[in-house]
Amino acid sequence: MTTNFEELLEAFRAFLQFQGTSMARDTAASIDWAMPVRPLEPKTAPCIRHLDRIGDIVPESAQPLVRSLAGNREALCWGQTYTKEDFGLDFLDNYGWVEVFGTRGHFANDEVAGGFLILGPETVYPDHHHEAEEIYIPLTDGTGWRKGEGAFQVRRATELIHHPSNINHAMKTGVEPLLALYLWRGGPLAAKSTITGGMA
Ligand SMILES: [Fe+2]
């Protein structure tokens with residue numbers, strides 16, 4: 001196993017810089033990328049098994065980033081905010097995130113957090129909200145995203161999704177897994193989301 005977190009951080013920055021939306025590019029420009037390394041023990045999660053399929057279906061523009069993520073998967077510290085009491089065991093088997101940088105990530109940053117979320121196929125991440133403002137860029141096609149009281153809208157890979165502070169949002173995958181890049185800023189960056197009714 002080759003561990004190269006610097007390469008992963010650089011691929012993350014490069015991916016954002018070349019996005020079509022100004023929000024992604026402006027965010028990339030606003031981040032101080034000279035971040036100190038934070039040594040973290042590796043922690044695995046069952047959802048990383050989906051990275052092989054994800055690697056086959058991401059668009060070309062995301063391939064360097066996803067190759068780096070997949071290459072480092074065993075060395076990264078994967079997290080799960082919820083327990084089986086929240087959404088059940090099947091959810092935990094298909095859900096996980098890794099914070100590349102932030103207040104608890106592999107690189108230290110107190111202003112903004114960035115990382116990846118994985119959801120397995122046919123998985124619902126029920127309504128939740130949090131104080132931090134959030135940007136998601138899905139790297140796979142076919143996931144339904146809901147914001148506020150709206151319906152699920154299927155979003156394409158590389159389409160930017162913005163969740164303002166404290167707005168409810170939910171995701172629902174189809175036949176393929178979801179890999180999404182996320183950015184959090186302007187709130188407690190390690191706060192647990194508040195679940196809105198639903199499956200808890
Ligand atoms: Fe969120």
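Note that this is a predicted model, so its numbers are computed, not measured. Atoms within each ligand, like the ligands themselves, are counted from 1 in listed order.
For the 3.5 Å distance criterion, the side chains of Tyr95 and Thr81 qualify, holding a donor opposite an acceptor. Neither side chain, Ser165 nor Glu133, offers a donor N or O lying under 3.5 Å from an acceptor on the other. Side-chain contact annotation: His169 with His128, donor-acceptor N/O pair under 3.5 Å present.
Not one N or O on the side chain of Arg67 forms a donor-acceptor pair closer than 3.5 Å with the backbone of Gly55. Within the 3.5 Å criterion, the main-chain N or O of Gly102 finds a donor-acceptor partner in the side chain of Arg38.
A salt bridge links Arg73 with Asp52: the distance from a Lys NZ or Arg NE/NH1/NH2 to an Asp or Glu carboxylate oxygen falls below 4.0 Å.
Only protein N, O or S atoms were considered, and those under 2.8 Å from the Fe ion (ligand 1) are His130 NE2, Glu134 OE1, Glu134 OE2, His169 NE2.
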